[in-house]
Amino acid sequence: MMFRIPNHKPLTALEQLLMNYVWANPGCTAEACREGVANDRALKDSTIRTVLRKLEEKGYATHSVVGRTYVYRPADSKRNAAVEAARQLIERFCNGSVEDFVVGLVDNQVVDARELQRLAERISARKEGRGRA
């Protein structure tokens, strides 16, 4: 079962690269990570292990030991990590205002009006679904 650790520290580009691999390949080893990201970035084994340890310290990954091998898994889903990152952006840059955040996304053409309408419809449908349950 996944668990949430609020207020993760942001990921560096290298940590993001490895974490994307771990999310896509839960139960992977450090060697599998190194091979999996080799096309994007050639890294030494020691670098991979250091980054994986940092991901654990930041609360993004966990490991278990199988024999003498560390096996890495995400501590939470990619979606929940994205939600936490968005929450941090809202707090840091918009003084906690979700409205300011969303308006900024629209104003800067990250989200267009049609997409915003689709999102509103999905939110409405979810609220109606909860009301009946």
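Both backbone and side-chain heavy atoms feed into the values below; hydrogens, waters and symmetry mates do not. All values reported here derive from a predicted model rather than from experimental measurement.
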- Message: Quick check on the hydrophobic clustering: are Y72 and V65 connected, directly or via other members, by side-chain heavy-atom contacts under 4.5 Å?
- Response: yes
- Are L89 and C94 side-chain neighbours, meaning at least one heavy-atom pair lies under 4.5 Å? no
- Item | Heavy atoms of other groups near E99 CD, more than 12 under 6.0 Å | no
- Query: Is any side-chain heavy atom of L17 less than 4.5 Å from a side-chain heavy atom of V51?
  - Reply: no
- Between G96 and E91, which heavy-atom pair has the shortest distance, and what is it? CA-OE2, 3.6 Å
- Query: Where is the tightest heavy-atom contact between S77 and W23, given as atom of each residue plus distance?
  - Reply: C-NE1, 3.5 Å
- Message: So I48 and V37, do their side chains get closer than 4.5 Å, heavy atoms only?
- Response: yes
- Message: Starting from V71, can I reach L18 by hopping between I/L/V/M/F/W/Y residues whose side chains sit under 4.5 Å apart?
- Response: no
- Query: Do side-chain atoms of D112 reach the backbone of R114 as a donor and acceptor pair under 3.5 angstrom?
  - Reply: yes
- Message: When you measure from the side chain of T50 to the backbone of S46, do you find a donor-acceptor pair of N or O atoms at a distance under 3.5 Å?
- Response: yes
- Task: Walk me through it: do K54 and E57 pass the test side-chain contact (heavy atoms from CB on, under 4.5 Å)?
- Result: CA-CA 5 Å; K54 294 252 186 207; E57 289 170 5; 4.2 Å; yes
- Salt bridge or not for E31 and R34, using N-O below 4.0 Å? yes
- Query: Considering all heavy atoms of both residues, which atom of R73 and which atom of G27 are nearest to each other, and what is their separation?
  - Reply: NH1-N, 3.5 Å
- Shortest non-hydrogen contact from A75 to T62? CB-CG2, 3.9 Å
- Message: What I want to find out is whether R87 reaches E84 closely enough, with some N-O distance under 4.0 Å, to be called a salt bridge.
- Response: yes
- Message: Show the nearest heavy-atom pair for residues D45 and A30, with the distance to one decimal.
- Response: OD1-CB, 4.5 Å
- Between the NZ atom in K9 and the CD atom in Q88, the distance rounded to the nearest 0.5 Å is 11.0 Å
- Task: Following the transitive rule for hydrophobic clusters with a side-chain heavy-atom cut-off under 4.5 Å over Ile, Leu, Val, Met, Phe, Trp and Tyr, establish whether V103 and V98 coincide in one cluster.
- Result: no
- Message: Please say yes or no: joined through hydrophobic side-chain contacts below 4.5 Å, possibly via intermediate residues, are I90 and V83 part of one cluster?
- Response: no
- In Å and rounded to the nearest 0.5 Å, what is the CZ to OG distance from R126 to S124? 12.0 Å
- Message: Classify the ring geometry of H63 against Y70: parallel below 30°, tilted from 30° to 60°, perpendicular beyond 60°.
- Response: parallel
- Message: Would a single hydrophobic cluster contain both F101 and L116, if residues Ile, Leu, Val, Met, Phe, Trp and Tyr are joined by side-chain heavy-atom contacts under 4.5 Å?
- Response: yes
- Might you point out which heavy atoms bring L55 and E15 nearest each other, and give the distance in Å? CD2-CB, 3.8 Å
- Just jot down the ring-ring contact (aromatic ring centres under 6.0 Å, His included) partners of F93, sequence neighbours excluded, or say none. none
- Sequence neighbours left out, what passes salt bridge (charged side-chain N to carboxylate O under 4.0 Å, His left out) with D40? Give chain and number order. none
